[in-house]
Amino acid sequence: MISWDSIETKWRTKWNQSKEFEIEPDNRPKKFITVAYPYPNSPQHIGHGRTYTLADVHARFLRMKGFNTLFPMGFHYTGTPILGMAKRVQEGERELIENFEKLYHVPPQTIKEFVEPVKIADYFHEEIKHGMIEMGYSIDWRREFTTIDPVYKKFIEWQFRKLKSLNFVIQGSHPVGWCPKDQNPVSQHDTLGDVEPDFTEYILVKFRLDDMIIPTATLRPETIFGVTNLWINPKITYKKVRVNDENWIVSPECAYKLEFLNKSVEVISEVSGAELVGKTVSVLDKKIPMFPASFVESQTGTGIVMSVPAHAPFDYQALIDYQKQNSAINIKPIAIIKTEGLGEIPAKEIVEKLGITNQEDSKLDEATNEVYSKEFYSGVLRENTGKFAGLKVSEAKDTIKTWLSELKNSDILLELNDGPIRCRCGAECVVKLLNNQWFLNYLDKDWKNKTNQCFDKMSILPNEIRTEFNYVVGWLRQRACARQHGLGTKLPWDQNWIVESLSDSVIYMAYYVLAKYVNSSQLKADSLSDEFFEFVFYGIGELKQISIKCNVPEDTLSQIRDDFVYFYPVDARHSGRDLVPNHLTFFVLNHVAIFPEELWPKQIVVNGSVLMDGKKMSKSMGNIIPLRKAIKEYGADPIRLAIIISAELLQDADFNLESVNTIKNKLEAIYEDCNKYKPGMPQTLQSEDKWILGRLNNLIIETTAAVEKMRLREALHHILFAFESDLQWYLKRIDAKEREEFSGILHKLLSVRVAMLSPFAPHIAEEMWERLGNSGLVSRSAWPVPDNSTESISVQSEELLHSTMEDIKNVLKVTKMNPQKIVLYTADSWKVKAFRKIASSVLAGQTNIGAIIKELIADPQTENIKKDPDFVKKSVNSILSESAEIRKLRVELEPINEKSILSSELSSLIKKEYGVNIEVFEESDSTKYDPKNKAKMARPFKPALFIE
RNA sequence: GCGGGAGUCGCCAAGCCCGGUCAACGGCGUAAGGUUCAGAUCCUUAUCUCCUAGGAGUUCGUGGGUUCAAAUCCCACCUCCCGCACCA
């Protein structure tokens, strides 16, 4: 057993002492690795650990490759959730406070302070930071910051003035779910029952009654041509209201809702629905009557409904109901849409089909849906719709909406779906049209083009996710970039607004350069102006002047500029895939907007999320494991490896505690081995030595390639497991030969593996490195490189030995024999020649047996093939079942002397394994011992064998 | 609806882009043996089916097709997951 805690502490202390990760510019090439900073509203769990661990492995790998690699970290205080939490603490909400106490183990004294949002952020900031330190992340902590630091705010102000000067910031109105009591927008977690406040846009069609306007809300403006009457509920008392400069009649609820939609609403008087029944209204030169209907609801729309009985089942049924009471009414539905599969009067048909008999029938909803969806996708407007005839309903909807609006015959009403929705404060929410909202105009064509250019040139890992980025860029429209509440930076030109949190987190990687100077008090917010940022980021302006104006010493100022020039651009940005459609895309958009092309980001690395025992982690499932708790229990390195090895980059990683244990044991076993071997190569290398060193080269090449593609699961797999079977073979060989001078070889193998392990499991790798007696820190050592010593002869001969052993084992297994004697026969020389010819044919793509045989017969050296045509088929198959590498060797290399290899090398293995001696003959040796006539089955690399 | 992704031998999970190296890496689990006072760990072996000679058969969501050869390419279908905004 080893003490993970003390090993980890030991090495963290050493790194700290030698300021290992405090990166300054020097003459080496640089890499700048960044990750999306955390939002400190809860402690980190295993899932958060994934992205940061991947980035850390990346940074550590690049350092070993010789790059001066900066890996910094900040904390994102900006946003509303923390504000909401503070409010809920203030209100003493049980559930939340219990979470703090029981799940997060926050001291009660501290929870009391959580009424102040910053205290929440500060607390979890420290918590998360400690977790990152304990995980061994190679972060340069001198560059830490939060997004509410004064200098950061100056930086964001500069960013926004910049964007505005580029015309990327525009103003407009925007609807949101709204709590009238809190005077606040509501999102899902602000509502009772966590309902997402979704809303629908209704078209208000204006009907005229003398000097009054009667608006009706509809989702189907195209049906205006089929309107026959209006429905009004005689039991409702309507309001006459002055809306802007018109007089409207609407339900009281509607009047209230209109106020939030930027209309001035003034109630003039009341009028009962009954009074309105029978009056005639007009629209588009058409005069229609108002009839009573009970299905009309006061709280929906305007409380008055436009009736299209041909296409709306509700309207149709209400008309039938009314005509029953009042036979004088003679109104015929007007069909205006023709739809394949629906008859002349669709509403009539469906009502009759479903057996609906009155307007209170709940089946009317189903009927409406059916008619609507069929008409929407396959309906076409009829001749009686004038210039719109022939249009598909799906197109006509928008066309007619615009047309009505141009005629000033319509307006818009926004209404919450699935209402009523209540705010956590209890008040009923409405839709509010926020005026003068600020947007980033991601719709801008040139901006999109530039962004696509950047993406095209950028490395995206894994590349599969690239199409998703392209899609997002195409789909993005204006995006609100300011809000009225929460922590953050005020919009520099409009102090009523705070920069929204996905907009103040897009170019902050540049700020890491400044943060170091802020933290050492060399940079103060007070006198920083835009000139400062322009100088640092663009090199624009006069050093002297800016130094005086911004109160920054000249040498400091030019040093900051030099730092920026050195470290920028970002070489890799890591993040979870949930940030693809927002942060990562905005990050690129804003970089191309603000920075010149040479400073555009070089790479994005996207990883999937983490599942716990196959399930999503969530508070309600109680399967969240806090990172720091896990570190205490299992050690940082086992957790790092368990997260990485469970899935490839974009897949969801299934984390489970058993796998952490397995990894831990594996590491401990390697650690034990590190105590066993001493450096120093043997005088002469034997075949198996050359072979295993060749395999080591292979391991280095494959591992390196995998890490470079951030295929870390694969890389770790190579280091930890794949090499194991090679090693086993090697150990078996030296054991059989009773060798003693192999320690140096194993020392070398281990050293290379430990070096490659160190980015993944940095603490234990240092300890292993020290045990191996290697000098310095492994994290400072060079990433291993292959040394070209791979000898193909040894590859072929070990291969031969290995496969022959397998054959023998196989025969013994099937026959259940107890071997007394093992005899091997190597193939005739003509077979060797034929085999090489076959191999080169196969390599050239010729696998047709007949053609190969013809070719062989044509050559006197191989014409013997006539006696044994089956040889060709077997050879082709065996060549096809070898790796590409071996296939090539088969053709390129001179044949090896199988007889001498088998007799000299195989005998010890057989002796060790089965305690018997072997005899080796050539196939055509006339003195051979071959009672069962097996020798003729011999093929190159596949000696025939006889066991008795 | 729009867009993206997945379905592999008990579980997790590679492979699919670039067809033969694939009965299909590896890990977990399971079984047997070894180490151990015992256990944990560790090591070895086995783990689709059949086989007394190194072999054969049937598999990679379903059904077709292309090819000497398909988990891999093409077509159709079924099932599941994720994102769609002002929220970090």
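Chain A is the first sequence line, chain B the second, and so forth, proteins listed ahead of strands; every chain is numbered from 1. Being a predicted model, the structure only gives us computed values, none of them experimental. All values below were derived from every heavy atom in this structure, side-chain atoms included, with hydrogens, water molecules and symmetry-related copies excluded.
- Judged by distance alone, the side chain of A:R466 and the main-chain N or O of A:F455 form a donor-acceptor pair under 3.5 Å.
- Counting any heavy atom pair closer than 4.0 Å across all strands shown, A:R711 reaches sugar-phosphate atoms only and no base atom.
- Sparse packing is recorded around NZ of A:K732, with 12 or fewer heavy atoms of other residues, nucleotides or ligands lying under 6.0 Å away.
- Contact annotation: A:S501 side-chain N/O to B:A88 OP1/OP2 distance is under 4.0 Å.
- Between B:A71 and B:C16, the two P atoms lie 14 Å apart (nearest whole Å).
- Residue contacts for A:Q478: at a heavy-atom cut-off of 4.0 Å it reaches a base atom on one of the strands shown.
- Among the heavy atoms of the strands, none lies under 4.0 Å from A:L579.
- Checking B:G54, B:G26, B:G3 against every side-chain atom of A:K942, the shortest atom distance belongs to B:G54.
- Distance noted for atom C1' between B:U21 and B:A69: 14 Å (whole Å).
- With P as the reference atom, B:C74 and B:G7 are 15 Å apart, rounded to whole Å.
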Which parts of nucleotides 47-53 of chain B does protein reach within less than 4.0 Å, heavy atoms only, written one letter per nucleotide 5' to 3' as B for base, S for sugar-phosphate only and - for none? -----BB
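- In this structure, A:I465 places its CD1 atom 10 Å from C1' of B:G83, rounding to the nearest Å.
- Salt-bridge formation is detected for the pair A:D807/A:K942: a Lys NZ or Arg NE/NH1/NH2 atom is positioned less than 4.0 Å from an Asp or Glu carboxylate oxygen.
- A:S505 comes within contact range of no nucleotide atom at all, as no heavy-atom separation falls under 4.0 Å.
- We find that NZ of A:K676 is positioned 10 Å from C1' of B:C42, with the value rounded to whole Å.
- Backbone-only engagement by A:Q728 is indicated by non-hydrogen atom pairs under 4.0 Å involving sugar-phosphate atoms exclusively.
- With A:E898 contributing its side chain and A:F941 its backbone, the two residues share a donor-acceptor pair below 3.5 Å.
- Distances from the side chain of A:E500 to the nucleotides B:G27, B:A85, B:C86 place B:C86 closest.
- As a whole-Å value, the separation of A:N665 CG from B:A40 P is 12 Å.
- Rounded to whole angstrom, the span from the CD atom of A:E806 across to the P atom of B:U45 amounts to 9 Å.
- For A:T585 (side chain) and A:P581 (main-chain N/O), no donor-acceptor pair under 3.5 Å exists by modelled atom type.
- Candidate nucleotides B:A88, B:A85, B:G4 were compared by shortest atom distance to the side chain of A:R483, and B:A88 ranks first.
- B:U79 and B:C43 are spaced 46 Å apart, taking the P atom of each and rounding to whole Å.
- Rounded to whole Å, the P atom of B:A40 lies 12 Å from the corresponding atom of B:A31.
- Where pairing requires Watson-Crick or G-U contacts shorter than 3.5 Å, the helical stems of RNA chain B with at least three consecutive pairs are B:1-7 with B:78-84, B:10-12 with B:26-28, B:29-34 with B:42-47, B:48-50 with B:55-57, B:61-65 with B:73-77.
- A:P462 comes within contact range of no nucleotide atom at all, as no heavy-atom separation falls under 4.0 Å.
- For B:C87, neither phosphate oxygen OP1 nor OP2 lies less than 4.0 angstrom from any side-chain nitrogen or oxygen of A:T80.
- We find that CZ of A:R713 is positioned 13 Å from P of B:C28, with the value rounded to whole Å.
- Projected onto RNA chain B by closest heavy-atom contact, A:L476 and A:Y39 fall at different nucleotides, the more 5' of which corresponds to A:L476.
- Whole-Å rounding puts the A:Y671 OH to B:C42 C1' distance at 17 Å.
- Listed for the A:S503 side chain is no donor-acceptor partner under 3.5 Å among the backbone atoms of A:V499.
- Here the side chain of A:R573 pairs no donor or acceptor atom with the backbone of A:I604 at under 3.5 angstrom.
- Comparing B:C12, B:G3, B:C87 by their nearest atom to the side chain of A:R479 picks out B:C87.
- Rounded to the nearest Å, the gap between the P atom of B:G64 and that of B:U45 is 41 Å.
- Between the P atom of B:C25 and the CD atom of A:E702 lies a distance of 16 Å, rounded to the nearest Å.
- If you check distances only, the side chain of A:N810 never reaches the base of B:G54 with a donor-acceptor pair under 3.5 Å.
- The A:L502 side chain lies nearest to B:A88 when the options are B:A88, B:G4, B:U44.
- When each of A:F587, A:Y77, A:F75, A:Y37 is paired with A:Y508, the ring pair (Phe, Tyr, Trp, His ring centres under 6.0 Å) condition holds for A:Y37 and for no other.
- Taking the six-membered ring for Trp and the full ring otherwise, the centers of A:Y442 and A:F586 sit less than 6.0 Å from each other.
- Using a 4.0 Å heavy-atom cutoff across all strands shown, A:S659 reaches no nucleic acid atom at all.
- Side-chain atoms of A:N582 come within donor-acceptor range of the base of B:A88, with a qualifying N/O pair under 3.5 Å.
- In this structure a side-chain-to-backbone donor-acceptor pair under 3.5 Å is missing from A:R577 to A:S609.
- Put simply, NE2 on A:H718 is 14 Å from P on B:A14, counting in whole angstrom units.
- Counting only N and O atoms by type, the side chains of A:W4 and A:E668 include a donor and acceptor under 3.5 Å apart.
- Remark: the separation of the C1' atoms in B:C22 and B:U59 is 11 Å, to the nearest Å.
- Atoms CG and CG, on A:L589 and A:L476 in that order, are 6.5 Å from each other to the nearest 0.5 Å.
- For A:K932, the NZ atom sits in a loose shell: 12 or fewer heavy atoms of surrounding residues, nucleotides or ligands are nearer than 6.0 Å.
- Take the nearest nucleotide of RNA chain B for A:T467 and for A:A944: the residue whose nucleotide is more 5' is A:T467.
- Nucleotides B:G57 and B:C42, compared at atom P, are 39 Å apart to the nearest Å.
- If you check every strand for non-hydrogen atoms under 4.0 Å, A:E648 touches sugar and phosphate atoms only.
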